[in-house]
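This report concerns only the one structure given below.
Position 1 is the first residue of the sequence, and the numbers go up from there.
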Amino acid sequence: TSRPVITIHQWMMQVAKYSGPNAAPLGSLGDSKLEPGAGFHRLQILLCGLEASNILLSIMSSPGIDRRVVEDDTLEACVTLIKNHIQKHLIPALSNTGHV
């Protein structure tokens, strides 16, 4: 069975549609990672998470913040998100370009 083929551009578009000889409506593809617009949605989730982590870390590390109000789980979640992003996205991307 032939699966619809999408380009990276379609995958990353905010508003994406698929049309072609093997056209499939949005949501009908078996693998959601290949759905047009799925890349944009995933990127937005990552960016929002990184922005929230940045804000929380900035607040928690500000002078005068009582260390008793800083939750260890929140701090650990922020650091884990940033660490995973570096390991899974930034390092492979830089390695593929020959900069690491």
Side-chain angles (χ1 to χ4, degrees):
T1 175
S2 177
R3 292 184 58 117
V5 177
I6 64 171
T7 65
I8 189 71
H9 179 68
Q10 288 170 317
W11 191 69
M12 288 300 298
M13 289 175 59
Q14 182 175 2
V15 179
K17 295 179 182 173
Y18 178 81
S19 61
N22 299 323
L26 284 175
S28 70
L29 298 175
D31 186 352
S32 63
K33 290 186 272 189
L34 296 177
E35 184 173 318
F40 177 82
H41 180 69
R42 288 173 179 239
L43 181 60
Q44 292 305 308
I45 291 171
L46 175 62
L47 291 175
C48 289
L50 290 170
E51 186 174 4
S53 291
N54 184 27
I55 292 167
L56 286 169
L57 289 172
S58 296
I59 292 170
M60 292 187 289
S61 63
S62 295
I65 295 294
D66 187 353
R67 296 296 175 217
R68 293 177 289 177
V69 299
V70 176
E71 292 186 21
D72 290 339
D73 291 342
T74 303
L75 181 60
E76 186 177 338
C78 291
V79 171
T80 300
L81 174 65
I82 294 168
K83 177 184 160 200
N84 286 339
H85 177 55
I86 291 170
Q87 288 177 333
K88 294 180 180 181
H89 302 121
L90 296 181
I91 291 175
L94 292 173
S95 295
N96 288 337
T97 61
H99 290 93
V100 173

Would you tabulate the side-chain donor-acceptor contacts of residues 77-91 under 3.5 Å, counting partners in other chains and residues two or more places apart, or write 'none'?
unit_1: T80; atom_1: OG1; unit_2: E76; atom_2: O; d: 2.7
unit_1: N84; atom_1: ND2; unit_2: T80; atom_2: O; d: 3.4
unit_1: H85; atom_1: ND1; unit_2: H89; atom_2: ND1; d: 3.0

Can you name the side-chain contact (heavy atoms from CB on, under 4.5 Å) partners of [X], sequence neighbours left out?
{"X": "Q44", "answer": "F40, L47"}
{"X": "I45", "answer": "H41"}
{"X": "E51", "answer": "I55"}
{"X": "R68", "answer": "D66"}

When every non-hydrogen atom of T74 is compared with those of L56, the smallest separation belongs to CG2-CD1, 3.8 Å

Taking all atoms of both residues into account, what is the closest heavy-atom pair of R67 and M60, and its distance?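 Closest approach of R67 to M60: NH1-O, 2.6 Å.
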
Pairs satisfying ring pair (Phe, Tyr, Trp, His ring centres under 6.0 Å), at least one member in residues 55-84, at least two apart: none

